[in-house]
A.B. asks: 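Below you will find the structure I want to go over with you.
In each ligand, atom 1 is the first atom listed, and ligand 1 is the first ligand listed.
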Amino acid sequence: MEDCIFCKIANKEIPSKTVYEDDKIYSFYDLEPQAPVHVLIIPKKHIASTDDLTDEDQKLMGYMLCKVKDIAKELDLVNGYRIVINCGEDGFQTVKHLHIHLLGKRKLTWPPG
Ligand code: 5GP
Ligand code: ZN
């Protein structure tokens, strides 16, 4: 999608530090890390948020979620990690292309802010 920063990142029009890539998803380091390890995992297909998911996206979302453990293993998150998907204004979603935050390498607190 035009003017979507994460579509541009997935298309390599904007540089990023790649963690994992295949034909369906792209993973890269967050620009403003909130933990010693903070990476984002996005579908290459533009989906604005979890609110915009359709039945057609079920397989892709399942695929993306199942890849988290492989990426976490690759990043040596042996002690656990947190995955977060923000949605909409109250969820503090700032980039309107669905993404999973994967955070680790520190003890994360709960509840989140
Ligand atoms: P959200 O607030 O939408 O859940 O998360 C968006 C995330 O994208 C933020 O953690 C922010 O730091 C990250 N981000 C925004 N723009 C860029 C960028 O151009 N490159 C990278 N690597 N991360 C970005
Ligand atoms: Zn996009």
A.B. asks: Kindly indicate whether the side chain of K12, heavy atoms from C-beta on, has any atom under 4.5 Å from the side chain of Y26.
C.D. replies: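 Result yes, sub-4.5 Å side-chain heavy-atom pair found.
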
A.B. asks: Please answer: with hydrophobic residues joined when any side-chain heavy atoms are less than 4.5 Å apart, are I9 and I47 in the same cluster?
C.D. replies: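 I9 does not cluster with I47.
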
A.B. asks: Identify, for atom 16 (N) of ligand 1, the protein heavy atom at the shortest distance, and state residue, atom and that distance.
C.D. replies: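 The closest heavy atom on the protein side is I5 CD1, 4.0 Å.
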
A.B. asks: Among F92, Y29, F6, which one puts a heavy atom closest to atom 22 (N) of ligand 1?
C.D. replies: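 Selected option, by shortest heavy-atom distance: Y29.
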
A.B. asks: Mind listing the closest non-hydrogen atom pair of L102 and I71 along with its distance?
C.D. replies: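 L102 and I71 have their closest heavy atoms at CD2-CG2, 3.8 Å.
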
A.B. asks: Nearest N/O/S atom of H97 with respect to the Zn ion (ligand 2), by atom name, please.
C.D. replies: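 Distance check against the Zn ion (ligand 2) picks out ND1 in H97.
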
A.B. asks: In the protein, which heavy atom is nearest to atom 15 (C) of ligand 1, and how far is it?
C.D. replies: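 The closest heavy atom on the protein side is V95 CG2, 4.1 Å.
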
A.B. asks: Heavy-atom contacts under 4.0 Å between H101 and ligand 1: side chain, backbone, both, or neither?
C.D. replies: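 For H101, the contact with ligand 1 is made by the side chain alone.
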
A.B. asks: For atom 2 (O) of ligand 1, which protein heavy atom lies nearest, and how many Å away is it?
C.D. replies: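 Result: T94 OG1, 2.8 Å.
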
A.B. asks: Within ligand 1, which atoms have a heavy atom of Q93 less than 4.0 Å away?
C.D. replies: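 What qualifies from ligand 1 is 3 (O).
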
A.B. asks: So which bit of F28 gets within less than 4.0 Å of ligand 1, heavy atoms only: side chain, backbone, both or neither?
C.D. replies: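 The part of F28 near ligand 1 is the side chain, not the backbone.
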
A.B. asks: For Y63, I'd like to know if atom OH has over 12 heavy atoms of other residues, nucleotides or ligands within 6.0 Å.
C.D. replies: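 More than 12 heavy atoms, drawn from other residues, nucleotides or ligands, come within 6.0 Å of this atom.
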
A.B. asks: Are L98 and M1 connected in a single hydrophobic cluster, I mean Ile/Leu/Val/Met/Phe/Trp/Tyr linked by side-chain heavy atoms less than 4.5 Å apart?
C.D. replies: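 M1 does not cluster with L98.
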
A.B. asks: Does N86 approach ligand 1 within less than 4.0 angstrom via side chain, backbone, both or neither, non-hydrogen atoms only?
C.D. replies: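 Under 4.0 Å from ligand 1, N86 contributes side-chain atoms alone.
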
A.B. asks: Between D22 and K44, is there a salt bridge with N-O shorter than 4.0 Å?
C.D. replies: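 Judged by the 4.0 Å cut-off on N to carboxylate O distance, K44 and D22 do not form a salt bridge.
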
A.B. asks: Between atom CD of E56 and atom CE of M61, what is the distance when rounded to the nearest 0.5 Å?
C.D. replies: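 That separation rounds to 11.5 Å.
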
A.B. asks: Heavy-atom distances under 4.0 Å decide this one: backbone, side chain, both or neither, for H99 against ligand 1?
C.D. replies: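 Side chain only.
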
A.B. asks: Is a side-chain donor or acceptor of E32 paired with a backbone partner of D30 at a separation under 3.5 angstrom?
C.D. replies: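 Absent.
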
A.B. asks: For ligand 1, indicate whether the residue I14 contacts it via side chain, backbone, both or neither (heavy-atom separation under 4.0 Å).
C.D. replies: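 No part of I14 comes within reach of ligand 1.
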
A.B. asks: If the plane angle is over 60° it's perpendicular, under 30° parallel, otherwise tilted; pick one for H38 and H101.
C.D. replies: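 Geometry flag for H101 against H38: tilted rings.
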
A.B. asks: Can you tell me the protein heavy atom closest to atom 20 (N) of ligand 1 and the distance?
C.D. replies: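 Here the closest protein heavy atom is I9 CD1, 3.6 Å.
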
A.B. asks: Check whether any side-chain heavy atom of K67 lies under 4.5 Å from a side-chain heavy atom of I25, and answer yes or no.
C.D. replies: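 A side-chain contact exists here, since the closest heavy-atom pair is under 4.5 Å.
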
A.B. asks: Should you measure from each heavy atom of E32, which atoms of ligand 1 turn up under 4.0 Å away?
C.D. replies: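 So the answer, numbered in order with elements, is 12 (O).
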
A.B. asks: Which atom name would you report as the N, O or S atom of H46 nearest the Zn ion (ligand 2)?
C.D. replies: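 Output for this pair reads ND1.
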
A.B. asks: Tell me, which protein residue and heavy-atom name are nearest atom 24 (C) of ligand 1, and how many Å apart are they?
C.D. replies: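 That would be L31 CB, 3.8 Å.
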
A.B. asks: At what distance is the nearest protein heavy atom to atom 11 (C) of ligand 1, and which residue and atom is it?
C.D. replies: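 Ranked first by proximity to atom 11 (C) of ligand 1 is D30 OD1, 3.4 Å.
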
